[in-house]
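Everything quoted here is computed from the prediction, not taken from an experiment.
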Amino acid sequence: MRKVNNKKTFQCISLLLMLINLFSDVYAQWESDKWLENPVSDEIFQTYLEFFTYDKNLNFDLNIRDKSVTDGILRERITFTSTDSMAVTADYYKPNISNLSEKRPHIIVVHGGTPRGKDGMYNRVVKGLIRNGMNVLAIDMLHFGERKTGLITTFRNDDKATNLYNRKSVYLDWVIQTTKDVSRSFDLLVDHYNALPDKIGYVGISRGGQVGFIITGVEKRFKAAALLIAGHLDALETGHLAAACPANYVARIYPTPTFLLNGTFDSDYDMERSVKPLHEQFNPESTEIHWMEVGHTITDDGFNLMNNWLANTLR
């Protein structure tokens, strides 16, 4: 009787299953590219907009938790109510000069998928915007920064993909909440900080840029949008529900002036598969696209381009 090597058989089966799972994940990821080729119709898109409605009369319960001045910039550390039982933590920044014109443009800044959330935006993003003549509201997205919930623990890419980005219903709920948080941030700037509605822009970086494709496709009040180092799907994502797919929103950002910046060597958002096909969906009349020979990062030159573009666009 032939003796079966159980150990070797088990190893072969394990390898086969691993390969099947690998190819299944790759297929699942790029199968969702069908919306890149054929975004949903206007009729279907209108049904998505119902997800993003919110109570405009809900009290903000604005709480200024702390005030401080650094580098001549005043920071108010605040909390406000976005939707029922959902509080947003944020920082409002402006020059610490009492007689400076309050007619400055305002920017809502949304961070990438880092554990620090909004607190990681000050040195390279906020200071540049302030010094280029704009005030800033930087918010934490749900599960990040001061709004950590324990859903994500290590904040490594695989952790975020497993627990948030690839859980389709959970991710859609998160996209909807983030969009509502940004719309409420817009309302807060107008109602409490005397921002001019026709001088408010959006800046999203990495994950804040990816969800920003959806936010600015839904929220038509923005007068400028800068979406940096973001794309359709990152390297570990396996696809989204249609209502959470950027490809169904980006063509509808028009006529909002839009600034896109990406790195040719970005391993998170692949240039050929994730970024360029999404860029093709934008209306060229209102979109300015920049590529830099970097990875998943933004150089000082990139930020200077963005700051100058925003200042000129919002003025």
Side-chain angles (χ1 to χ4, degrees), residues 32-60 80-86 88 106-110 137 139 141-143 164-165 167-191 195 197-198 200-204 207-227 230-233 237 239-260 277-283 285-287:
S32 66
D33 280 354
K34 62 188 178 185
W35 290 308
L36 284 173
E37 299 174 2
N38 187 25
V40 296
S41 67
D42 288 341
E43 183 179 5
I44 293 175
F45 180 74
Q46 289 302 314
T47 67
Y48 297 167
L49 296 181
E50 297 174 9
F51 297 146
F52 304 102
T53 60
Y54 61 94
D55 183 359
K56 296 180 183 293
N57 296 316
L58 188 65
N59 198 308
F60 285 108
F80 64 92
T81 299
S82 173
T83 56
D84 286 333
S85 304
M86 186 64 68
V88 174
H106 282 73
I107 306 294
I108 296 173
V109 171
V110 179
L137 179 68
I139 72 170
M141 293 189 290
L142 181 62
H143 307 310
L164 179 58
Y165 304 154
R167 296 174 65 186
K168 292 186 177 181
S169 295
V170 173
Y171 185 71
L172 174 58
D173 288 343
W174 179 83
V175 166
I176 292 169
Q177 185 62 53
T178 304
T179 303
K180 291 179 179 180
D181 293 344
V182 170
S183 289
R184 286 282 282 177
S185 298
F186 192 109
D187 298 339
L188 181 76
L189 285 176
V190 174
D191 292 351
D198 61 347
I200 299 178
Y202 177 92
V203 168
R207 184 58 50 169
Q210 183 172 334
V211 73
F213 295 131
I214 295 172
I215 290 168
T216 53
V218 171
E219 180 52 82
K220 303 305 295 179
R221 293 178 293 174
F222 285 112
K223 300 306 178 183
L227 307 167
H232 175 229
L233 292 170
E237 285 181 276
H240 305 138
L241 296 173
C245 179
N248 289 323
Y249 292 83
V250 294
R252 295 169 167 100
I253 296 174
Y254 178 83
T256 305
T258 305
F259 176 97
L260 303 176
L278 192 66
H279 284 183
E280 291 174 1
Q281 300 294 332
F282 280 84
N283 190 308
E285 294 180 12
S286 60
T287 309

Do Arg221 and Ser183 make a side-chain contact, defined as non-hydrogen atoms from C-beta onward lying under 4.5 Å apart?
yes
Glu237 (side chain) donor-acceptor with Gly239 (main chain) under 3.5 angstrom:
no
Student check: side-chain heavy atoms of Tyr254 and Phe282 closer than 4.5 Å:
no
Which distance, rounded to the nearest 0.5 Å, do you find between the NE2 of His232 and the NE2 of His279?
12.5 Å
Side chain proximity check, Lys223 to Pro257, heavy atoms < 4.5 angstrom:
no
Taking the side chain as every heavy atom from C-beta outward, state whether Asp84 and Leu58 have any atom pair closer than 4.5 Å.
yes
Take Val203 and Phe259 through the side-chain contact (heavy atoms from CB on, under 4.5 Å) test and state the conclusion after the steps.
CA-CA 9 Å; Val203 168; Phe259 176 97; over 6 Å; no
Verify side chain to side chain donor-acceptor pair (under 3.5 Å) between Asp181 and Gln177, making sure each step is shown before the conclusion.
CA-CA 6 Å; Asp181 293 344; Gln177 185 62 53; 2.8 Å; yes
Identify the heavy atoms of Phe213 and Leu278 that sit nearest to each other, and give their distance.
CE1-CD2, 3.4 Å
Start with the C-alpha gap between Phe52 and Ile214, add the side-chain angles, then the distance that decides, and say whether side-chain contact (heavy atoms from CB on, under 4.5 Å) holds.
CA-CA 10 Å; Phe52 304 102; Ile214 295 172; 4.1 Å; yes
Do you know which of Thr256, Leu227, Thr258 makes side-chain contact (heavy atoms from CB on, under 4.5 Å) with Thr216?
Leu227
Less than 6.0 angstrom from the centroid, inside 45 degrees of the normal: does Arg252 satisfy that with respect to the ring of Tyr48?
no
How long is the gap from OG on Ser185 to CD1 on Ile139, to the nearest 0.5 Å?
4.0 Å
Before giving the answer on side-chain contact (heavy atoms from CB on, under 4.5 Å), spell out for Val211 and Met141 the whole-Å C-alpha distance, their side-chain angles and the decisive distance to 0.1 Å.
CA-CA 10 Å; Val211 73; Met141 293 189 290; 4.3 Å; yes
Taking every non-hydrogen atom, the tightest pair across Tyr202 and Gly212
OH-CA, 3.6 Å
Validate the cation-pi geometry between Arg184 and Phe80: distance from NZ or CZ to the six-membered ring centre under 6.0 Å, angle to the ring axis within 45°.
no
Before giving the answer on side chain to side chain donor-acceptor pair (under 3.5 Å), spell out for Asp187 and Tyr54 the whole-Å C-alpha distance, their side-chain angles and the decisive distance to 0.1 Å.
CA-CA 12 Å; Asp187 298 339; Tyr54 61 94; 2.7 Å; yes
Closest contact, heavy atoms only, Ile108 versus Val182
CD1-O, 3.9 Å
Parallel, tilted or perpendicular, judged at 30° and 60°: which one describes the rings of His240 and Tyr171?
parallel
Taking C-beta and beyond as the side chain, do Met86 and Lys180 meet within less than 4.5 Å on heavy atoms?
no
Which pair of non-hydrogen atoms, one from Phe51 and one from Ala243, has the smallest distance, and what is that distance?
CE1-CB, 3.7 Å
Answer yes if the ring centres of Phe45 and Tyr249 are under 6.0 angstrom apart, and no otherwise.
yes
Residue pair Ile200 / Ile107, side-chain heavy-atom distance below 4.5 Å
no
Trp174 side-chain N/O to Leu142 backbone N/O, donor-acceptor pair under 3.5 Å:
yes
Minimal heavy-atom distance between Leu36 and Ala247, with the atoms involved, is CD2-CB, 3.6 Å
Is the side chain of Lys168 donor-acceptor paired with the backbone N or O of Ala244 at a distance under 3.5 Å, no angle test?
no
Going from CZ on Arg167 to CG on Leu241, what distance comes out if it is rounded to the nearest 0.5 angstrom?
13.0 Å
Would you please test Leu164 and Val170 for side-chain contact (heavy atoms from CB on, under 4.5 Å) and show each step?
CA-CA 6 Å; Leu164 179 58; Val170 173; 3.9 Å; yes
So do Thr53 and Leu49 actually touch side chain to side chain, heavy atoms under 4.5 Å?
no
Specify the closest pair of heavy atoms between Leu189 and His106, including all atoms of both residues, with the distance to one decimal.
CD2-CD2, 3.8 Å
Looking only at atom types and distance, does a side-chain atom of Ser41 sit under 3.5 Å from a main-chain N or O of Ile44, one as donor and one as acceptor?
yes
Quick check: does any side chain N or O of Gln210 sit under 3.5 Å from a backbone N or O of Pro246, one acting as donor and the other as acceptor?
no
What I'd like to find out is whether the side chain of Asn248 reaches to under 4.5 Å of the side chain of Val40, using heavy atoms alone.
yes
